[in-house]
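Presented below is the structure to which this report refers.
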Amino acid sequence: MEIKSKKLLILYATQTGNALDAAERIAREAERRACLVVIRSTDEYDASSLPEEDAVIFVVSTTGQGDAPDSMKAMLVFWRFLLQRNLGSHWLEGVHYAVFGLGDSGYQKYNFVAKKLDKRLSDLGATAVVERGLGDDQHPSGYEAALDPWMSALWSRLSEIKPNFFPEGPNFLVPNVELIGRPKFQVTYHNIDKMDSQLSSATDFEYLEMQIGRACSMYAGKVSHEKCKPDAFLKMIKNFPLTRASHEKDVRHLEFEFVTQVVQYEIGGVLEVLPSQNPAAVDSFIQHCNLDPESFISSGSHSQRSRPVFQQTYTKFVALAQIHPRELENHHLDDNVNTLEVPIKLRTFVELTMDVASASPRRYFFEARSYLCHNDAIYRSNFLVVMSFFATAEHEKERLQYFASPEGRDDLYQYNQKERRTVLEVLEDFPSVQMPFEWLVQLVPPLKKRAFSISSSPLAHPNQVHLTVDVVSWTTPFKRKRRGLCSTWLASLNPEQRIYIPVWFRKGLLPPPPPSLPLILVGPGTGCAPFRGFVDERAAQSLSGSIAPIILFFGCRNEENDFLYRDFWSSHSQNDGVLSEAKGGGFYAAFSRDQPLKVYVQHKMQEQSQRIWNLLCEGAAIYVAGSSTKMPSDVMLAFEEIISKESGAPRESAARWLRSLEKAGKYHVEAWS
């Protein structure tokens with residue numbers, strides 16, 4: 001009797017794209033085993049259909065203090081549906097599932113979303129194929145360290161309980177062959193007579209907005225929940241260092257002014273900045289790939305999704321390329337962007353969407369699934385070393401094939417991820433590789449917006465946004481100097497230049513408190529950035545009404561080298577300022593390297609144990625911001641010790657008390673790696 005193949009459903013919820021990468025990796029591994037796959041974002045799937053599925057794999061990320069990613073927040077209908085009491089414990093009976101989570105163990109609620117989802121699916125009667133997998137950003141190999149063994153267990157167990165998914169048998173793997181089919185997207189070149197007439201009447205900002213929105217909506221790597229068009233454009237008005245020139249770190253205070261509509265943001269919010277890539281690097285990439293930077297690119301609208309890839313041919317002079325998805329199921333376009341109106345130069349498209357000189361290529365860059373097209377039918381062929389297929393030098397081809405093999409995985413990790421090699425550097429290391437633009441669009445990592453905690457108050461600084469930016473730099477294991485793309489670019493800007501910076505605003509993990517709420521703030525290093533806005537806001541509020549006290553704990557290495565905003569804190573600690581003892585406040589700084597024994601913020605907290613306890617008894621909220629390594633957990637332990645000591649309760653009771661604060665929305669953490 002013929003066994004009918006089933007489709008394996010993979011649902012992902014992603015914040016930065018890592019969960020999507022992991023989901024696509026799982027899908028590719030499934031297809032190597034001749035398993036049919038459907039991959040969807042959770043915000044595009046109807047939860048009521050879950051009982052009809054044979055097996056579902058969930059790939060979900062956790063952000064901040066146990067928060068769900070944006071795509072999962074957007075699917076509140078999905079989650080609320082799962083939480084309905086009338087579903088019962090047998091609603092998902094017969095459905096098999098697996099959960100893989102991506103998180104950061106530096107947070108208290110490590111992989112909270114994955115754990116919560118796993119429990120709910122089990123409560124509804126679904127059966128776990130394997131124990132949930134938990135990827136950790138803190139691991140030297142990132143989430144892949146947990147993903148690889150988890151997938152091995154998944155395929156082994158799934159082939160036992162659901163053999164219909166694997167019609168070729170549990171041990172079948174599609175072999176690598178020297179053949180490559182069509183990439184996911186097609187670029188078609190035409191001629192165009194003239195640019196759209198609307199460009200002639202557009203302002204500089206409108207034109208920039210259209211260019212960014214256009215490029216974003218066309219890009220293959222775009223995540224569905226992302227907003228393409230910027231919320232506003234800013235120009236820099238101040239740029240000065242907060243650290244001494246001799247210090248190993250360069251931390252900057254940056255001030256910006258709105259040059260388009262003013263966005264009413266809140267303290268504790270986040271500003272996302274689209275960085276500018278080095279023009280020389282973009283030119284080198286285009287030249288290496290033998291692309292025409294002056295050609296124009298256009299893509300189809302929603303209504304064209306099912307149409308053949310053809311468009312009216314224009315005449316004369318300028319080449320026009322058109323990008324269309326070959327596989328339309330997971331391609332996303334922004335409904336707010338009319339995708340036919342504004343062509344875009346190929347160079348501009350690369351500059352705004354493809355991270356060629358900052359991000360390391362994903363593993364998929366070295367291996368990819370391909371298709372063969374015959375008589376309008378698409379057949380799976382295999383995993384291929386895409387770069388090796390386009391390499392003409394035999395020694396390069398062999399090395400690339402080795403990198404894509406199981407035996408070469410560790411060496412690939414050392415070469416690529418550990419050294420943080422960029423796409424441009426990898427292509428320069430393999431000069432014989434000439435990859436078509438279609439494949440580059442599909443495989444080059446997207447240029448991602450960088451997120452910064454806002455360090456200003458709109459009440460104190462109307463029409464402005466302030467940032468506290470640590471200029472990222474590090475040395476790789478092979479002693480190669482690296483610098484962060486966005487922070488380096490921002491630090492290099494001169495306020496006298498008229499550079500228009502595209503930005504997006506979103507809520508952060510630190511909700512703005514009412515003026516009547518006492519605050520305990522802990523912000524070592526650049527973690528003090530959002531609290532500068534908190535203090536500024538409360539100082540402005542004090543001019544028109546009564547305010548509750550604030551105590552702030554700050555930490556750095558040396559008082560003379562990296563005491564960020566020293567004068568600001570000092571001014572608000574004196575003359576009845578919001579941090580002054582006269583107002584019930586306080587500012588306490590820990591300088592970890594200024595004495596033989598290191599002193600951190602938690603030590604200063606212990607010194608102020610009684611004051612902290614008194615404020616907590618008055619209903620104070622706790623806010624913690626800074627590095628996600630050990631600091632958040634060390635601060636949590638310090639609070640436990642203080643509560644236990646001052647109340648006389650056991651540590652277990654103190655821990656439960658803090659958990660109740662979290663549930664009540666009075667313990668907030670924003671941390672970053």
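This is a predicted model, so every value here is computed, not measured. Numbers here are sequence positions counted from 1.
- For the pair Glu419 (side chain) and Phe478 (backbone), a donor-acceptor distance under 3.5 Å is present.
- Taking the side chain as every heavy atom from C-beta outward, Ile622 and Leu616 approach each other to under 4.5 Å.
- Side-chain contact between Phe100 and Phe58: absent, with no pair of heavy atoms (C-beta onward) separated by less than 4.5 Å.
- Proximity of a side-chain donor or acceptor of Asn111 to a complementary backbone N or O of Ala114 within less than 3.5 Å is not detected.
- A heavy-atom distance below 4.5 Å is not found between the side chains of Glu272 and Val503.
- Judged by distance alone, the side chain of Tyr600 and the main-chain N or O of Cys556 form no donor-acceptor pair under 3.5 Å.
- Listed for the Glu53 side chain is no donor-acceptor partner under 3.5 Å among the backbone atoms of Leu50.
- Residues Val472 and Thr488 are not in side-chain contact: their nearest non-hydrogen atoms beyond the backbone lie 4.5 Å or more apart.
- Looking only at side-chain heavy atoms (C-beta outward), Val273 and Lys449 stay at 4.5 Å or farther from each other.
- Judged by the 6.0 Å distance and 45° axis criteria, Arg399 is positioned over the aromatic ring of Tyr415.
- Inter-residue side-chain proximity for Val60 and Tyr12 is flagged as unmet; no heavy-atom pair is nearer than 4.5 Å.
- In this structure, the side chain of Ser633 engages the main chain of Lys630 through a donor-acceptor pair within 3.5 Å.
- A salt bridge links Arg157 with Glu160: the distance from a Lys NZ or Arg NE/NH1/NH2 to an Asp or Glu carboxylate oxygen falls below 4.0 Å.
- Separation of atoms CD1 (Ile643) and CD (Glu641) is listed at 11.0 Å; rounding is to 0.5 Å.
- Ser455 and Thr468 share a side-chain donor-acceptor pair at under 3.5 Å.
- In this structure the side chain of Lys481 never reaches within 4.5 angstrom of the side chain of Ser473, judged on heavy atoms.
- Under a 3.5 Å cut-off, the side chain of Ser388 and the backbone N or O of Gln401 do not form any donor-acceptor pair.
- Residues Asp54 and Lys7 are not paired through a salt bridge, judged by the lack of any N-O separation under 4.0 Å between the basic side chain and the carboxylate.
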Test Thr62 against Leu102 for side chain to side chain contact (heavy atoms under 4.5 Å, CB included), laying out the working first. CA-CA 6 Å; Thr62 299; Leu102 292 84; over 6 Å; no
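- Residues Ile57 and Leu9 have side chains not in contact (no heavy-atom distance under 4.5 Å, counting atoms from C-beta outward).
- Crowding of Glu131 atom CD: a count of heavy atoms from other residues, nucleotides or ligands under 6.0 Å not exceeding 12.
- Using modelled atom types, no side-chain atom of Trp155 and backbone atom of Arg33 make a donor-acceptor pair closer than 3.5 Å.
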For Asp21 and Arg25: C-alpha separation, side-chain torsions, deciding distance, then whether salt bridge (Lys or Arg N to Asp or Glu O under 4.0 Å) applies. CA-CA 6 Å; Asp21 288 347; Arg25 173 104 189 278; over 6 Å; no
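- Between Glu425 and Arg480 there is a salt bridge, since at least one side-chain N of the basic residue sits less than 4.0 Å from a carboxylate O of the acidic one.
- Checking side-chain atoms of Ser159 against main-chain N and O of Pro163 turns up no donor-acceptor pair under 3.5 Å.
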Stepwise, does the side chain to side chain contact (heavy atoms under 4.5 Å, CB included) test hold for Ile454 with Phe505? CA-CA 10 Å; Ile454 295 172; Phe505 290 83; 4.0 Å; yes
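- No hydrogens or angles considered: a donor-acceptor pair under 3.5 Å links the side chains of Asp136 and Ser105.
- For Phe534 and Tyr623, the ring centers sit closer than 6.0 Å to each other.
- Formation of a donor-acceptor pair under 3.5 Å by the Arg450 side chain with backbone atoms of Lys448 is found in this model.
- Checked by atom type, the side-chain pair His90/Glu93 shows a donor-acceptor distance below 3.5 Å.
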Check the pair Tyr402 / Asp411 against side chain to side chain donor-acceptor pair (under 3.5 Å), numbers first and verdict last. CA-CA 9 Å; Tyr402 169 71; Asp411 285 338; 2.5 Å; yes
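- The backbone N or O of Asp148 sits less than 3.5 Å from a side-chain atom of Ser152, completing a donor-acceptor pair.
- Screening Asp634, Val522, Leu637 for a side-chain contact (heavy atoms from CB on, under 4.5 Å) involving Gln602 leaves a single residue, Asp634.
- A donor-acceptor contact closer than 3.5 angstrom is absent between the side chains of Tyr143 and Asn18.
- Aromatic ring centres of Tyr667 and Trp657: separated by at least 6.0 Å.
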